[in-house]
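Everything numeric here is computed off the predicted structure, so don't read it as measured data.
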Amino acid sequence: MTNYSRRTVLKFAAAGAASTVLAPSMLMAQSNGWPERPLNMVVPFATGGYNDRLARAFIPFLQEELGQPLSVANRPGAGTQLGNTYFLQQPNDGYTLQCNSVAPYIPLTILLQDAPYSADDFQMINLPSRDFTLAAAPGDSDLENMEEVISRLREDPRSLSLGVQPASADYLNLMLMLNAAGIDSSAIRLVTYDGGGPARNAAAGGHVDVAFVGGEGFLPLADRIKPLMAFSQDRVDVFPDTMSSGELSESISEEVESVEGSQRGWVVSRAFVDEHPDRYEILVDAIERATKNPECIEALEEQQLATTWYGPEQSQEDYLANFESLERHIDLLRES
């Protein structure tokens, strides 16, 4: 059994995440003798991105629940393949977790890079961040919505420059929209970028007429862009005045299919779940309690980080559904 001294509790207090009373799940962890030592959180990206910020903001509250320190290990490279491979190579004892943009990165490394793992090797605990592709123009653009974009591209596919990251869910959403609208995607004026950040800056800076990239990342640039359409069946809360792809479907009388841009959050290996179901339940309970902690919610929302609790079943179902969508359209992604 792990003992927690006053000194240990005060240590967490100094980190800004302390509680003078042990959380119920922390007591559960003690009664089960796990965890008994510090844990690691693998982030398969460099420091400073969304996953890295989410992990570092959430960890103080999770370690309060588990009664053990957690540290972040950044393992960037090869579109998360290096970090994913390293993560799966660790012992299946639950001491190594992952904070990852599981979609689209895990599916893309499997479908396009022949990664040495399968989608089922990963078990989602919670994916609080569900991003969507946002089509956005520069703030001073004369474009008002996606219907106008479609109209201009139908008349002349090269009349507008379109910015996007290749081999991404955003690219796939753009191609699916063009196909639904009957626009020749081989004739458009496409401008590609290495990541979502450069694509967003291109829209905010007026370097492209329309950029297609994750909507949450646009929030800090909201006063420099003009949102045109969210790739979602219904309107999204963060851009309530922006039309959805469901509305565009009705307008052009053709279904505009879309996939979620990103699904980010907490992951363990399937092998860990199978070998240590008792530890898995402790971990799920701890992450749920931390996610629902009002202090945690306030801290994450101050950094525009997601805090929604979906749970393991819903998160895994949504992750696998995203994988199937990307697999179904893999030919479009290979052309990017």
Side-chain angles (χ1 to χ4, degrees), residues 1-2 4 12 17 19 21-44 51 54-73 84 87-88 90-103 106 117-130 262-297 299-300 305-323:
M1 176 180 294
T2 302
Y4 297 94
F12 293 139
S19 170
V21 179
L22 298 183
S25 62
M26 190 171 169
L27 294 171
M28 181 186 297
Q30 291 184 58
S31 65
N32 284 276
W34 188 88
E36 298 177 306
R37 55 182 171 81
L39 297 87
N40 294 314
M41 181 75 73
V42 174
V43 176
N51 289 276
L54 177 62
R56 295 178 189 278
F58 187 72
I59 273 178
F61 302 96
L62 180 56
Q63 66 185 12
E64 178 185 349
E65 293 291 341
L66 291 171
Q68 292 286 348
L70 280 112
S71 58
V72 172
N84 296 335
F87 168 67
L88 292 174
Q90 304 310 299
N92 298 318
D93 54 13
Y95 283 98
T96 303
L97 320 177
Q98 194 181 44
C99 181
N100 193 1
S101 290
V102 297
I106 291 178
Y117 45 75
S118 72
D120 292 328
D121 287 334
F122 301 85
Q123 172 63 49
M124 309 301 119
I125 292 183
N126 189 44
L127 300 177
S129 173
R130 307 297 182 87
S262 292
Q263 297 171 336
R264 309 182 184 98
W266 319 113
V267 189
V268 294
S269 69
R270 185 67 220 177
F272 161 64
V273 179
D274 293 339
E275 293 182 20
H276 297 285
D278 52 339
R279 296 182 183 183
Y280 171 68
E281 291 301 325
I282 292 173
L283 197 54
V284 170
D285 182 68
I287 290 177
E288 180 176 4
R289 287 183 178 278
T291 301
K292 296 178 179 178
N293 182 335
E295 293 182 4
C296 179
I297 293 173
L300 268 61
L305 298 169
T307 61
T308 304
W309 173 257
Y310 293 98
E313 292 78 15
Q314 186 65 55
S315 295
Q316 186 75 2
E317 179 181 337
D318 294 344
Y319 154 70
L320 292 176
N322 189 293
F323 181 91

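- Considering every non-hydrogen atom in both Ser315 and Asn126, the closest pair reads OG-CA, 3.4 Å.
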Expected list for residues 307-314: side-chain donor-acceptor pairs under 3.5 angstrom, two or more places apart:
| residue | atom | partner | partner atom | Å |
| --- | --- | --- | --- | --- |
| Gln314 | NE2 | Asp318 | OD1 | 2.8 |
| Gln314 | NE2 | Asp318 | OD2 | 3.2 |

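- Contact of the Arg56 side chain with the Val43 side chain is not registered, since no non-hydrogen atoms from C-beta on lie closer than 4.5 Å.
- No option in Leu70, Ile287, Leu305, Asn293 other than Ile287 meets the side chain to side chain contact (heavy atoms under 4.5 Å, CB included) test with Phe58.
- Using a distance-only test at 3.5 Å, with no hydrogens or angles considered, no donor-acceptor pair links the side chain of Asn322 to the main chain of Tyr319.
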Item to check | Verdict with supporting geometry, Leu62 and Leu97, side chain to side chain contact (heavy atoms under 4.5 Å, CB included) | outcome: CA-CA 12 Å; Leu62 180 56; Leu97 320 177; 4.1 Å; yes
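- Counting all heavy atoms, side chain and backbone alike, Pro128 lies closest to Gly265 at CD-CA, 3.7 Å.
- Judged purely by atom type and a 3.5 angstrom limit, Arg279 uses its side chain to pair as donor or acceptor with the backbone of Asp93.
- When atom types are taken as modelled, the side chain of Gln263 and the backbone of Ala103 share no donor-acceptor pair closer than 3.5 angstrom.
- Between the side chains of Asn51 and Ser101, a donor-acceptor pair is found at a separation under 3.5 Å.
- Using a 4.5 Å heavy-atom threshold, the side chains of Val273 and Val268 count as touching.
- Of all heavy-atom pairs spanning Gln63 and Pro69, the tightest one is OE1-CA, 3.4 Å.
- The shortest non-hydrogen separation linking Leu127 to Trp266 is CD2-N, 4.3 Å.
- Atom CD of Glu295 and atom CD of Glu64 lie 7.5 Å apart (nearest 0.5 Å).
- Looking at every heavy atom in both residues, Cys99 comes nearest to Met41 through N-SD, 3.7 Å.
- Here the OG-CG distance, from Ser262 to Asn100, works out to 10.0 Å after rounding to the nearest 0.5 Å.
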Item to check | Trace of the side chain to side chain contact (heavy atoms under 4.5 Å, CB included) decision for Val102 with Arg264 | outcome: CA-CA 6 Å; Val102 297; Arg264 309 182 184 98; over 6 Å; no
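- To the nearest 0.5 angstrom, Tyr95 atom OH is 10.0 Å from Leu66 atom CG.
- With sequence neighbours left out, Phe122 forms a ring pair (Phe, Tyr, Trp, His ring centres under 6.0 Å) with Tyr117.
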Checklist entry - Should Thr96 and Leu39 be marked as a side chain to side chain contact (heavy atoms under 4.5 Å, CB included) after you check the CA-CA gap, both sets of side-chain angles, and the distance that decides it? => result CA-CA 6 Å; Thr96 303; Leu39 297 87; over 6 Å; no
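- Looking at residues two or more places apart in sequence or on another chain, you find no ring pair (Phe, Tyr, Trp, His ring centres under 6.0 Å) involving Tyr280.
- For the residue pair Gln123 / Arg270, a side-chain donor-acceptor distance below 3.5 Å is found, with atom types taken as modelled.
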Checklist entry - Between Val42 and Val72, is a side chain to side chain contact (heavy atoms under 4.5 Å, CB included) present by the stated rule, with each step listed? => result CA-CA 6 Å; Val42 174; Val72 172; over 6 Å; no
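- Scanning all heavy atoms of the two residues, the minimum distance from Gln68 to Arg37 falls at OE1-C, 3.3 Å.
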